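Scroll down for the structure; my scribbles are underneath it.
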Protein chains: 2
Amino acid sequence: MEHRLDRIKKELHAKSYKLTPQREATVRVLLEREEDHLSAEDVYLLVKEKAPEIGLATVYRTLELLTELNIVDKINFGDGVSRYDLRKEGAKHSHHHLVCTDCGSVEEIIEDLLDDVEKIVAKEWGFLVKDHRLTFHGICKNCQEKDNEERSE
Amino acid sequence: MEHRLDRIKKELHAKSYKLTPQREATVRVLLEREEDHLSAEDVYLLVKEKAPEIGLATVYRTLELLTELNIVDKINFGDGVSRYDLRKEGAKHSHHHLVCTDCGSVEEIIEDLLDDVEKIVAKEWGFLVKDHRLTFHGICKNCQEKDNEERSE
DNA sequence: TACTAAATAATAATAATTATAACTTAATAA
DNA sequence: TTATTAAGTTATAATTATTATTATTTAGTA
């Protein structure tokens, strides 16, 4: 965790941004809650526990900055809010998501399943892919099992 | 065009929704501007030309309804607005998009490139895919060519 | 034609995000 | 070190997108 914080620190410095205490607190929250998909508001409330004097606008600015540097991905699952998702260290691309329309859970797929598709897009459309966003909507394993149980009762 | 409008009319009736003149005007705008990716505001302004008395909230409600019926897809390219995209007739899935980060253009890919990926997701994660959203961010053909010209000058 | 649930217009309200201004802190140069 | 400048911050105002409310109208139907 400290290691990854250091890396992010260096990335900021490389672009001559400072790692202020507020920014550090924000990054720490993101690292601690890596498996979640926090909204700006969520992040704000969690950061406030570490640094109660922080303002909401600062959190927004920090998340914006981290998005620009590709440290986090700003994603949107269709509800009104943007969510911020830490990118795996060294990953070139945003990872994929499985959103269950039944229970609302979000699973992550870290492996990149789109290599072949990107090749097709490059070849057929002449498009130079820099990043992608892939989300599947459907029914997760758990909900399917629940459905089956209910039906057999 | 009339044919597709009729189909949509029937789909509404099948779920016992009424086809009001406002809804018809909204659907007409979507059909006419199928290649675009209009925001609710855009749709509102265009519908107003046909039906000046329409209210913004009605457009929102209509788009919401059409989204529910899978007649349009509500998509989000990362700017603050939701955009509404008519689904091809009979298509089960949302189509894919190529967003150019240079000029902002949006191309559509109608073919479904994710069959194989969906099979993997079903097998490995036990996830029952109902729909997907796939967007590539990168540089479009045009912008790449422009870049090359500039560099060789 | 009259009825009734559904739909609408015209706001008002809310939620998410961004901009502004005054102040603080940190970095840099003399 | 001190003076100067730039970057970052808080607090708050403003904006933008969207949703809720309420009184009124209308589409589909008996």
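Note that these values count all heavy atoms, side chains included, but never hydrogens, waters or copies made by symmetry. Just so we're on the same page: letters track the sequence lines, and every chain starts at 1. Worth saying up front: this structure is predicted, and the values here are computed from it rather than measured.
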Could you tell me whether the phosphate oxygens of D:dA27, OP1 or OP2, come under 4.0 Å of any side-chain nitrogen or oxygen in B:Q22? no
For the residue pair B:E108 / B:H96, report whether a side-chain donor-acceptor contact shorter than 3.5 Å exists. no
Which part of the nucleic acid, if any, lies within contact of B:S16, taking any heavy atom under 4.0 Å across all strands shown: a base, the sugar-phosphate backbone alone, or nothing? nothing
Is A:Y60 near enough to C:dT18 that one of its side-chain N or O atoms lies under 4.0 angstrom from OP1 or OP2? no
Any luck finding a side-chain donor-acceptor pair between B:R61 and B:T58 under 3.5 Å? yes
Assign A:L56 to base, sugar-phosphate, or nothing according to its heavy-atom contacts below 4.0 angstrom with the strands shown. base
Please classify the nucleic acid contact of A:I54 as base, sugar-phosphate, or nothing, using heavy-atom distances under 4.0 Å. sugar-phosphate
Measuring to OP1 and OP2 of C:dT8, would you say a side-chain N or O of B:R23 lies under 4.0 angstrom away? yes
Looking across every strand, which nucleic acid part, if any, lies under 4.0 Å from A:S82 by heavy atom: base, sugar-phosphate, or nothing? sugar-phosphate
Examine the side chains of B:H97 and B:E107 and answer whether a donor and an acceptor come within less than 3.5 Å of each other. no
Pair B:D112, B:H95: side-chain N/O donor-acceptor within cut-off below 3.5 Å: no
At less than 4.0 Å, is any side-chain N or O atom of A:T20 found next to OP1 or OP2 of C:dT25? Yes or no. no
Verify the contact: side-chain N or O of B:H13 to OP1 or OP2 of D:dG28, cut-off strictly under 4.0 Å; return yes or no. yes
Which nucleotide, D:dA20, C:dA26, C:dA19, lies nearest any side-chain atom of A:A57? C:dA19
Below 4.0 Å: OP1/OP2 of C:dA7 and any side-chain N or O of B:T58: no
